[in-house]
Amino acid sequence: MYAARLCTRVSVARPLIQPLASAQPVFAVRTFQTTPQVLDESLEQAAKFIGAGCATVGVAGSGAGIGTVFGSLVEGYARNPSLKTQLFSYCVLGFALSEAMGLFCLMIAFMILFAL
């Protein structure tokens, strides 16, 4: 019941001379602007640099992946030297996939900087 009283409109005391039809609402409407009128080029350039920096984080992951692949190759060769050719073919495949992901990240960073 208390909540119902909070949700109802509060009646405003009006002078007896003023008719009810011309009464103005008492509450004010507040709005805020979500898009700027003029785009600031420096803000857009800063956003591009931040986005390109975030996209290049994957290049560091690619470097870590390549190091892990070759470290595993050395470890596998030390455990069983007779599997040298098979381990090396797996190593080349892992290197290529890891390097491709790093290049994709670098390509996205360049696209953010120069194509947008």
Side-chain angles (χ1 to χ4, degrees):
M1 185 165 169
Y2 182 69
R5 279 190 274 159
L6 288 177
C7 294
T8 59
R9 285 183 145 181
V10 178
S11 62
V12 178
R14 296 181 185 91
L16 295 175
I17 302 170
Q18 184 183 19
L20 291 174
S22 66
Q24 297 294 326
V26 177
F27 55 89
V29 177
R30 285 193 270 171
T31 60
F32 59 93
Q33 190 173 358
T34 57
T35 57
Q37 294 289 338
V38 179
L39 288 175
D40 192 8
E41 288 186 20
S42 63
L43 181 64
E44 185 179 348
Q45 192 71 20
K48 281 184 179 183
F49 288 148
I50 291 171
C54 291
T56 55
V57 170
V59 177
S62 173
I66 291 169
T68 303
V69 164
F70 282 108
S72 297
L73 172 70
V74 170
E75 183 180 342
Y77 183 65
R79 287 178 184 232
N80 195 352
S82 64
L83 294 175
K84 179 179 181 181
T85 56
Q86 187 179 5
L87 288 175
F88 187 73
S89 63
Y90 290 153
C91 176
V92 169
L93 180 65
F95 168 76
L97 292 175
S98 183
E99 185 70 23
M101 293 309 293
L103 290 176
F104 288 149
C105 292
L106 198 61
M107 179 187 67
I108 293 297
F110 283 136
M111 284 176 61
I112 289 172
L113 283 177
F114 300 114
L116 295 179

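In this chain, residues are counted from 1 in sequence order.
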Connected via hydrophobic side-chain network under 4.5 Å: Phe88 and Ile66: yes
Listed partners of Phe95 passing ring pair (Phe, Tyr, Trp, His ring centres under 6.0 Å), at least two apart: Phe70
Using residues 52-60 as the side-chain source, report each donor-acceptor pair under 3.5 Å to any protein atom, sequence neighbours left out, with the distance given to one decimal.
from, atom 1, to, atom 2, distance (Å)
Thr56, OG1, Ala52, O, 3.4
Thr56, OG1, Gly53, O, 2.9

Considering all heavy atoms, the nearest Ser62-Gly102 contact: CB-CA, 3.6 Å
Per-pair distances, 0.1 Å, donor-acceptor, side chain in residues 103-116, under 3.5 Å, sequence neighbours excluded:
none

In one Ile/Leu/Val/Met/Phe/Trp/Tyr side-chain cluster, 4.5 Å: Val92, Tyr77: no
